[in-house]
Amino acid sequence: MSGRLAGKVAFITGAARGQGRSHAVTLAREGADIIAVDIAKQVDSVPYPMATPEDLAQTVKEVEATGQRIVATVADVRDYDALKQALDEGVARLGRLDIVSANAGIVSYDQAEDLAEQTWQDVIDVNLTGEWHAAKAAIPHLRAAGGGSMILTSSDAGLKPLQNLAHYVAAKHGVIGLMRTLALELAPDFIRVNALAPTTVDTPMVMNEATYRLFRPDLDNPTAEDMAEASRATNVLPIAWVEPVDISNALLFLASDEARYITGVALPVDAGQAIK
């Protein structure tokens with residue numbers, strides 16, 4: 001640990017597993033205390049098992065193993081009052097807020113004309129409105145700290161269209177617009193706002209039967225190995241997907257003083273997919 005975030009406090013949504021857990025542990029290893037939230041239950045329209053309270057407890061265990069403090073709360077990013085209360089209580093216990101990772105997200109798949117109304121709304125509410133809620137709740141605390149770094153999670157789908165993902169693409173494009181607007185509005189307070197745009201990441205949100213079928217509709221029962229062939233073809237670098245820590249390392253850079261004059265940027269972590 002180099003202590004790049006010593007004395008800092010980071011707020012992370014969707015922290016129970018996947019990228020969120022990786023972000024929490026990575027920032028903690030660099031000296032940050034963590035305020036973690038996750039819905040930790042199923043959303044009916046989501047076609048894969050979502051995180052559980054036990055997953056959130058595992059994040060707590062892994063952060064505490066670094067020697068840092070963590071305040072973890074079950075909260076739904078769609079519920080602004082609950083999210084704000086969780087953050088306010090975390091700041092009261094840990095003393096300040098310096099970093100925001102608006103990371104919580106879900107996905108489902110279908111042609112635009114076939115998407116159920118609730119499926120569309122769930123993705124927009126979690127992936128776009130949820131990030132706005134996280135930002136809105138955090139801004140007063142970042143101002144009180146004299147500035148900070150806010151990192152929204154977009155996607156390669158926030159930079160280009162993808163079939164069978166109209167709701168997800170719309171939300172992730174919206175995140176880029178939200179990030180740029182916040183970067184303008186918050187610059188006078190020395191609050192930097194950027195976004196990450198990952199390619200396919202090895203997380204439970206991606207590594208499941210629904211995603212395998214999206215990548216390999218030609219097979220009756222596709223596996224991760226089947227998906228890997230198709231996924232590799234979307235990247236420039238010869239890999240099928242990136243690991244959560246690859247996204248966390250980019251987030252760490254944007255959260256650190258090394259990026260102190262970087263704001264309004266959508267940073268692809270995509271194995272070159274954006275240039276293909």
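None of the values given here were measured: they were computed from a predicted structure. Quick note: numbers below take in every heavy atom, side chains included, and nothing from hydrogens, waters or symmetry partners. One is the number of the first residue; the rest follow in order along the sequence.
Residue Ser248 comes nearest to Ser22 through the heavy atom pair OG-OG, 2.6 Å, listed as atom of the first residue, atom of the second, then distance. In plain terms, the two heavy atoms of Ile247 and Pro198 that are nearest each other are CD1-CB, 3.6 Å. Here the closest non-hydrogen pair linking Leu5 and Ala255 is CD2-O, 4.0 Å. Across every non-hydrogen atom of Ala195 and Ile176, the tightest pair is CB-CD1, 4.1 Å. Annotation for Gly148 and Leu142: closest pair CA-CD2, 4.3 Å, computed over non-hydrogen atoms. Between Leu251 and Ser101, the closest heavy-atom pair is CD1-OG, 3.5 Å.
By the side-chain hydrogen bond (donor to acceptor under 3.5 Å, both in side chains) test, Asp246 is found to be paired with no residue, residues two or more places apart in sequence or in another chain being considered. Listed by chain and number, the residues in a side-chain hydrogen bond (donor to acceptor under 3.5 Å, both in side chains) with Ser108 are His167 (sequence neighbours excluded). Every residue meeting the side-chain hydrogen bond (donor to acceptor under 3.5 Å, both in side chains) condition with Gln85, not counting sequence neighbours, appears here in chain and number order: Glu89.
Side-chain contact check for His141 and Asp88: at least one donor-acceptor pair (N or O, by modelled atom type) lies under 3.5 Å. In this model, no donor atom of one side chain and acceptor atom of the other lie less than 3.5 Å apart for Thr119 and Asp122. Donor-acceptor pairing under 3.5 Å is lacking for the side chains of Gln58 and Glu54. Using a 3.5 Å distance cut-off with no hydrogens or angles, the side chains of Tyr109 and Thr211 do pair a donor with an acceptor.
Under the 3.5 Å distance criterion, the side-chain polar atoms of Asp98 are matched with a main-chain donor or acceptor of Val9. Without hydrogens or angle criteria, Gln19 side chain to Pro244 main chain gives no donor-acceptor distance under 3.5 Å. No donor-acceptor pair closer than 3.5 Å links the side chain of Ser231 to the backbone N or O of Met227. Side-chain atoms of Asp76 do not come within 3.5 Å of backbone N or O of Ile39 as any donor-acceptor pair. Of the possible donor and acceptor atoms, none in the side chain of Asn235 sits under 3.5 Å from a partner among the backbone N and O of Gly272. Not a single donor-acceptor pair under 3.5 Å links the side chain of Arg4 to the backbone N or O of Ser256. Here the side chain of Thr73 pairs no donor or acceptor atom with the backbone of Ala86 at under 3.5 angstrom. With hydrogens and angles ignored, the 3.5 Å screen pairs a side-chain donor or acceptor of Asn194 with a backbone N or O of Ile262.
Counting only heavy atoms from C-beta outward, the side chains of Leu94 and Phe11 never approach each other to under 4.5 Å. Residues Leu267 and Leu254 are in side-chain contact: their nearest non-hydrogen atoms beyond the backbone lie under 4.5 Å apart. Counting heavy atoms from C-beta outward, Thr181 and Leu184 have side chains that stay 4.5 Å or more apart. Between Gln111 and Asn164 there is a side-chain heavy-atom pair separated by less than 4.5 Å. Looking only at side-chain heavy atoms (C-beta outward), Arg21 and Ile12 stay at 4.5 Å or farther from each other. Between Tyr212 and Met207 there is a side-chain heavy-atom pair separated by less than 4.5 Å. Tyr168 is listed as a side-chain neighbour of Ser155, based on a closest heavy-atom distance under 4.5 Å. Residues Thr199 and Val242 have side chains in contact (heavy-atom distance under 4.5 Å, counting atoms from C-beta outward).
Distance CG/Leu178 to NE2/His173: 14.5 Å, rounded to 0.5 Å. The distance from atom CZ of Arg96 to atom CG of Asp33, rounded to the nearest 0.5 Å, is 11.0 Å. Taking CG from Leu219 and CZ from Arg213, the interatomic distance works out to 12.0 Å, rounded to the nearest 0.5 Å. Atom NZ of Lys84 is separated from atom CG of Asp79 by 12.5 Å, given to the nearest 0.5 angstrom. Arg192 contributes atom CZ, which lies 9.0 Å from atom CD1 of Ile99 (distance to the nearest 0.5 angstrom). We find the CG-OG1 distance between Asp38 and Thr13 to be 8.5 Å, quoted to the nearest 0.5 Å.
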Exercise for the section: Test side chain to side chain contact (heavy atoms under 4.5 Å, CB included) on Ile34 and Gln68 and set out the steps. Expected result: CA-CA 8 Å; Ile34 306 297; Gln68 297 302 125; 5.7 Å; no
Practice task
Go through the steps for Gln273 and Lys160 under the test side chain to side chain contact (heavy atoms under 4.5 Å, CB included), then give the verdict.
Solution key: CA-CA 10 Å; Gln273 186 175 133; Lys160 67 180 184 181; 3.0 Å; yes
Exercise for the section: Apply side chain to side chain contact (heavy atoms under 4.5 Å, CB included) to the pair Arg143 and Ile191, showing each step before the final yes or no. Expected result: CA-CA 8 Å; Arg143 283 195 176 119; Ile191 298 170; 4.0 Å; yes
Practice task
Report the C-alpha distance between Ile139 and Leu186 in whole Å, list the side-chain angles of each, state the deciding distance to 0.1 Å, and finish with yes or no for side chain to side chain contact (heavy atoms under 4.5 Å, CB included).
Solution key: CA-CA 8 Å; Ile139 288 167; Leu186 300 177; 3.9 Å; yes
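Residues Leu165 and Tyr48 share a hydrophobic cluster, clusters being chains of Ile/Leu/Val/Met/Phe/Trp/Tyr side chains in contact below 4.5 Å. Leu97 and Ile70 fall into different hydrophobic clusters, defined by Ile, Leu, Val, Met, Phe, Trp and Tyr side-chain heavy atoms under 4.5 Å apart, directly or through other members. Follow the hydrophobic side-chain contacts under 4.5 Å out from Met150 and you reach Met179 in the same cluster. Placement of Leu196 and Val25 within a single hydrophobic cluster is found when ILVMFWY residues are connected by side-chain heavy-atom separations under 4.5 Å, directly or transitively. Phe253 and Val193 fall into different hydrophobic clusters, where Ile, Leu, Val, Met, Phe, Trp and Tyr side chains are chained together by heavy-atom contacts under 4.5 Å.
Using a cut-off of 4.0 Å between Lys/Arg side-chain N and Asp/Glu carboxylate O, Arg78 and Asp125 are scored as not salt-bridged. A salt bridge is defined here as a Lys NZ or Arg NE, NH1 or NH2 lying under 4.0 Å from an Asp or Glu carboxylate O, and Glu30 with Lys8 fails to meet this definition.
Residue-environment remark: NZ (Lys41) stays at or below the threshold of 12 foreign heavy atoms within 6.0 Å. Heavy atoms of other residues, nucleotides or ligands lying less than 6.0 angstrom from CD of Glu209 number 12 at most. With a 6.0 Å radius and a threshold of 12 heavy atoms from other residues, nucleotides or ligands, Asp114 has its CG atom above the threshold. Summarising the local packing, CD of Glu229 is surrounded by 12 or fewer heavy atoms from other residues, nucleotides or ligands at distances under 6.0 Å.
Each of Val123, Leu152, Leu128, Thr153 was scored for a side-chain contact (heavy atoms from CB on, under 4.5 Å) with Lys172, with one residue passing: Thr153.
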